[in-house]
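Structure first, then comments.
Both backbone and side-chain heavy atoms feed into the values below; hydrogens, waters and symmetry mates do not.
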Amino acid sequence: MPVAAIEALILLLSHSPTSTISETLSLLSHYTNILKASVANPIALSAGTDLFQRYLISTLQPPQPTNKPERKGSRARQGDGTDDFQAIRHHLISNGRLFVARAKEARSQIANIARNFIREDTTVLTYGSSRVVGAVLAAALKACTNFKLVYVCNSSTSSTELPSTIPKPSPDLPIAVIPPSAVAHAMSHISMVMLGAEGVVENGGIISGLGTYQIGVLAKAAGKPVYVCTESHKFVRMFPLSQEDVGGEVLRFSEGGAGERGSETKKDESQVDYTPPELITALITESGVHTPSAVSEELIKIWY
């Protein structure tokens, strides 16, 4: 989602007739807020688009002029500064496309790093539909590693089908699909937990799909490592102290009568919870493997 939103903003920049830097940044800010308001859970989108705007602002130095011979009449055309702004605008769009290209490459870079954590005959437990985790599993299979996968299905649906991001079962990758209520029972059979994230907050904790927190608690109690695979553009400047700080209403009390079960199910799919850093063994990003305590330092590098 963050990369798609950034691509939409770049397309907006390339088709909008802005004439000043201030107007351009104001346009970006306005449509970023529209994008955030259009989704139920804007955390990942907010992290990516905010970092993208920061990246553009940091690259607002106009490109250096080349030593080309001047053509006749060129001085006359430079009088109003329009050509200078168009050069800066082109510079912004080019840097935006470079940002997207790097963001897209991050997934394969993480897969190449994280696949080394999956050893022969290990059993990996995962939850959610993270594309990064799917890429890690596919990379481990491609490296001829035989392992088992335990997939925890979503409690808000009755489906036991695997999401499209997860590789299909095969002789090299046997897969067991279990409900969230069976995680504690299965924990003694697994070697590690590998999760994705919608956002990584300042203290090294993660915001991810509802149910991630309880998996982290059970893994910690069982002494199993928890690895989070995520791109650095999902590092977000937030510092939640409790579950209430990440939003979402989990407890819906009824005072009698039939509840609207269908509408509750739809809401659950977009809900998130907060997993604190003490439950996470390591964060695996395109820049390497980090402890949760190193996230604040990484944020400083990214933002400043």
Would you confirm whether [X], through its side chain, and [Y], through its main-chain N or O, come within 3.5 Å as a donor-acceptor pair?
{"X": "Thr126", "Y": "Met194", "answer": "yes"}
{"X": "Thr212", "Y": "Ser208", "answer": "no"}
{"X": "Thr123", "Y": "Ile190", "answer": "no"}
{"X": "Tyr274", "Y": "Glu244", "answer": "no"}
{"X": "Tyr127", "Y": "Leu210", "answer": "yes"}
{"X": "Lys148", "Y": "Thr122", "answer": "no"}

Only one of Asn146, Val136, Asp172, Ile118 clears side chain to side chain contact (heavy atoms under 4.5 Å, CB included) with Leu141; which?
Asp172
Using the rule given for side-chain contact (heavy atoms from CB on, under 4.5 Å), can you reason through Val200 versus Leu283, listing the C-alpha separation, both sets of side-chain angles and the distance that settles it, and then say yes or no?
CA-CA 9 Å; Val200 180; Leu283 295 155; 4.1 Å; yes
Chi angles and distances behind the side chain to side chain donor-acceptor pair (under 3.5 Å) call for Gln243, Asp273
CA-CA 6 Å; Gln243 300 299 332; Asp273 60 21; 5.8 Å; no
Run through the side-chain heavy atoms of Ile, Leu, Val, Met, Phe, Trp and Tyr, join any pair under 4.5 Å, and report what else lands in Tyr213's cluster.
Val217, Leu279
Is the shortest side-chain N to carboxylate O distance from Lys234 to Glu231 below 4.0 Å?
yes
Verdict with supporting geometry, Arg119 and Phe147, side-chain contact (heavy atoms from CB on, under 4.5 Å)
CA-CA 7 Å; Arg119 305 292 184 181; Phe147 62 99; over 6 Å; no
Set out, in order, the CA-CA distance, both residues' side-chain angles and the distance that settles side chain to side chain donor-acceptor pair (under 3.5 Å) for Ser287 and His290, then state yes or no.
CA-CA 9 Å; Ser287 62; His290 308 283; 3.0 Å; yes
